[in-house]
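Here is the structure we will look at, set down as structure tokens.
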Amino acid sequence: MPDLRRQVLESGKTISRKAASREGSRRTSRANSAQNSRHSSQNQSRYASDEEDIDSLSDDTAMSIGSLDDLTDNPDLDNHDWVEELGDVIQDILDRKRSSNLSREEAYAAFCRLAKYHYVEEQIHGRVLDLVAAFNRSIKFETSVRETTLALRAIELLAVSAYDNTIYEHVEPLLTRTVRDSTSNTVKAAAIHCLGVCTIHAGASEDGILDQMTFFLDIAASDGQSIGAGDDVASVVAALQEWGTLATYIDDLEGESEEAVQIFMDQLDSGDSAVQIAAGENIALLYEKSYTPQEDDEDDDEVEEEESEEESFLSGGRGNGPKLIKRYNAYHNTHELEQQLQSLAKVHSKRISKRDKKSLHSSFASILTTVENPRRGPMYNTAIDQDTNRHYGSKLTVKIGRQGVMNIDRWWKWTRLSSLRRTLQGGFVAHYYQGNRAVLESLPVIMRMDTPSDRGYAKRTTKHRDSRRWAVHEASDED
């Protein structure tokens, strides 16, 4: 991998945060004024607003350990006419000759709402590339920030829903150009997220995934300067998050690990907690990937480290599962890294808000446990006993209704869940139970069929809002 930091230092002019803010404010002022007017003059709809869809693309907050509340609410649950509504919306989108900027914005917002809260593969069959072409035109011409970000959001949802491996080749050049050349940092961040989702779900090869990882790592290493978004938090966080998601699809990252960890360590010094957490989670993922299951032809005598009973619990309770064996050093100076992570796990600066401080403490305590022993996966409410230096906490599991349970015992699972959460939000459960193949192939879910009533649960979820509730459960050390 090339020395990205050296390339960045030689790349030229730096754009200050203030200048970038002024540039973005000029281009979004009209959209913001319209949004504020609508919020103050209209009653809130039962549907999620199109502004929420825009915000989800430029989200500058990382999901801390155990934060899954936004997956519980599907305000479109009782919309029984959604198929007919979607047909009308698609017709409006494809009938561009009679459309205006405002009408396209409204049509894209409606499409995003419907595709987020419902699994639309059947309804868009045969029209995917036509829709991609329409959204691409809006991205290319960038008439307004709102239209462009909604078009990017719509392509994300298409990629997750359509199960079409031709989408990537139709969108990648335009998305890359948008990340580099857009004059709006909001659009840049949205395009980064869209490019990451399309790379995973819309047909990129392994070489394509590695290329995009290099692109995103360059953005993170340069604090956004490589794409003309110097110090823009949303763009840097997006690049970090999408890099991590792509990394879960590559088996061997030994050649990339050293430099990537160093770049992420540099981001741990950021003044923004979202950047720090995203970088820290990528570090934990890289340490986790330096260990792989013991092969059948490997004898226990060849294994230098044995997994203790306590470590087995902390790594997800794989007492009867394969042993994890160290294959390479994720980073040359783990001791230095551990010191940096310990300071973040205990940070008490008055300049940090209570909310950010809590996120930093919980996230970095969990990240530190993995760096110290990569057999340990993410934990919920992780803590360190100051007297014994013993790590303790509870295993993180996610319950889907009364039927499905997912053990988040590895960072790759957490990273993929976070990615789907950013894309589908409250629509995740609908996509899961309606058989979205992208969702089912991304995450292993342990299914429990305990009683006859439970076996009918999946059918009932389409009718009952209360049954679509996620919960995070704790299992103590004594369990």
Note to self: Run Gln342 and Glu372 through side-chain contact (heavy atoms from CB on, under 4.5 Å) and show every step you take.
What the structure shows: CA-CA 11 Å; Gln342 286 172 352; Glu372 291 183 329; 3.9 Å; yes
Notebook entry, point to check: How far does CG of Leu175 sit from NE2 of His170, to the nearest 0.5 angstrom?
Noted result: 13.0 Å
Item checked: Heavy-atom closest pair, residues Val371 and Glu338 -> CG1-CG, 4.0 Å
Notebook entry, point to check: So do the side chains of Ser273 and Ile352 get within less than 4.5 Å of each other, counting heavy atoms only?
Noted result: no
Notebook entry, point to check: Parallel, tilted or perpendicular: which fits the ring planes of Phe111 and Phe135, with parallel below 30° and perpendicular above 60°?
Noted result: tilted
Notebook entry, point to check: Would a distance-only check, ignoring hydrogens and angles, find a side-chain to backbone donor-acceptor pair under 3.5 Å from Ser362 to Ser359?
Noted result: yes
Checklist line | Rounded distance [0.5 Å steps], CD in Gln340 versus CZ in Phe364 | finding: 8.5 Å
Check: Would you call Tyr287 and Asn373 a side-chain contact if the rule is heavy atoms closer than 4.5 Å?
Finding: no
Notebook entry, point to check: Within a strict 4.5 Å, meaning less than it, do heavy atoms of the Phe264 and Trp243 side chains meet?
Noted result: yes
Next item on the list: Give the C-alpha distance, both sets of side-chain angles, the deciding distance and a yes or no for side-chain contact (heavy atoms from CB on, under 4.5 Å) between Arg422 and Ser418.
Entry: CA-CA 6 Å; Arg422 287 191 298 271; Ser418 300; 4.0 Å; yes
Note to self: Can a side-chain donor-acceptor contact be found between Asp223 and Gln267 if the only test is distance below 3.5 angstrom?
What the structure shows: yes
Check: Is it true that the NZ or CZ of Arg416 lies under 6.0 Å from the centre of Tyr249's six-membered ring and within 45 degrees of the ring axis?
Finding: yes
Next item on the list: Would you kindly say whether Thr415 and Glu281 are connected by a side-chain donor-acceptor distance under 3.5 Å?
Entry: no
Margin query: Looking at every heavy atom in both Leu417 and Leu443, which two are closest together, and how far apart are they?
Written below: N-CD2, 3.8 Å
Note to self: Less than 4.0 angstrom from a charged side-chain N to a carboxylate O is my criterion; do Glu254 and Arg327 meet it?
What the structure shows: no
Check: Hey, does Met213 have a side-chain heavy atom less than 4.5 Å from the side chain of Glu256?
Finding: no
Note to self: Let me confirm one number: the CD1-OG1 distance from Ile209 to Thr214, rounded to the nearest 0.5 Å.
What the structure shows: 12.0 Å
Next item on the list: Scan side-chain atoms only and decide if Gln276 and Asp272 contain a donor-acceptor pair under the 3.5 Å cut-off.
Entry: no
Margin query: Within the structure provided, determine whether Ser138 and Tyr108 are in side-chain contact (heavy-atom separation under 4.5 Å).
Written below: yes
Note to self: Test side-chain contact (heavy atoms from CB on, under 4.5 Å) on Trp414 and Thr248; report intermediate values, then the result.
What the structure shows: CA-CA 10 Å; Trp414 178 256; Thr248 67; over 6 Å; no
Checklist line | Exercise: identify the closest heavy-atom pair between Tyr291 and Leu324 | finding: CD2-O, 3.8 Å
Note to self: Distance alone, cut at 3.5 Å: any donor-acceptor contact between the side chains of Gln434 and Tyr432?
What the structure shows: no
Note to self: Whether the side chain of Ser290 engages the backbone of Ala330 through a donor-acceptor N/O pair (distance < 3.5 Å, no angle test) should be reported.
What the structure shows: no
Notebook entry, point to check: Is Arg376 reaching over with its side chain to a backbone N or O of Leu368, donor-acceptor style, under 3.5 angstrom?
Noted result: no
Notebook entry, point to check: Looking just at side-chain N and O atoms, do Gln241 and Ser419 make a donor-acceptor pair shorter than 3.5 Å?
Noted result: no
Margin query: Main chain of Trp411, side chain of Glu288: is a donor-acceptor contact present, judged purely on distance under 3.5 Å?
Written below: yes
Checklist line | Inter-residue atom distance Gln225.CD - Asp218.CG, 0.5 Å rounding | finding: 10.5 Å
Note to self: Main chain of Lys323, side chain of Gln294: is a donor-acceptor contact present, judged purely on distance under 3.5 Å?
What the structure shows: no
Checklist line | Check: His118 main-chain N/O paired with His431 side-chain donor or acceptor under 3.5 Å | finding: yes
Note to self: Please evaluate residues His361 and His348 with respect to the criterion side-chain contact (heavy atoms from CB on, under 4.5 Å), reporting the C-alpha separation (whole Å), side-chain torsions for both, the decisive distance (0.1 Å), and the verdict.
What the structure shows: CA-CA 9 Å; His361 288 175; His348 293 296; 3.8 Å; yes
Check: For Ala202, does its backbone N or O pair with a side-chain atom of Asp164 as donor and acceptor, under 3.5 Å?
Finding: no
Check: What is the distance from atom CG of Asp76 to atom CG of Leu114, rounded to the nearest 0.5 Å?
Finding: 6.0 Å
Item checked: Ala239 versus Ala220, closest heavy-atom pair with distance -> CB-N, 4.4 Å
Note to self: Please check this pair: side chain of Thr369 against backbone of Ser366, looking for a donor-acceptor N/O pair closer than 3.5 Å.
What the structure shows: yes
Item checked: Non-hydrogen side-chain atoms of Ile283 and Leu268 separated by less than 4.5 Å -> yes
Item checked: Asp207 and Ser205: side chain donor to acceptor below 3.5 Å -> no
Item checked: Any donor-acceptor N/O pair, Arg153 side chain to Thr423 backbone, under 3.5 Å -> yes
Check: If you look at every heavy atom in Lys326 and Tyr328, which pair is closest and at what distance?
Finding: CE-O, 3.5 Å
Item checked: Side chain to side chain, Phe216 and Leu195, heavy atoms closer than 4.5 Å -> yes
Check: Quick one: do the Glu242 and His193 side chains pair a donor with an acceptor below 3.5 Å?
Finding: yes
Notebook entry, point to check: Between Tyr331 and Glu259, does any side-chain donor sit less than 3.5 Å from a side-chain acceptor?
Noted result: no
Next item on the list: Output the distance between atom NE2 (His332) and atom CD (Glu258), rounded to the nearest 0.5 Å.
Entry: 5.5 Å
Next item on the list: Taking the side chain as every heavy atom from C-beta outward, state whether Leu157 and Cys112 have any atom pair closer than 4.5 Å.
Entry: yes
Check: Where do Gly196 and Leu246 come nearest, in terms of heavy atoms and distance?
Finding: O-CD2, 4.0 Å
Check: Can you tell me if Lys289 uses its side chain to pair, donor with acceptor, with the backbone of Ser257 under 3.5 Å?
Finding: no
Check: Got a salt bridge between Lys188 and Asp232, using NZ or NE/NH1/NH2 to carboxylate O under 4.0 Å?
Finding: no
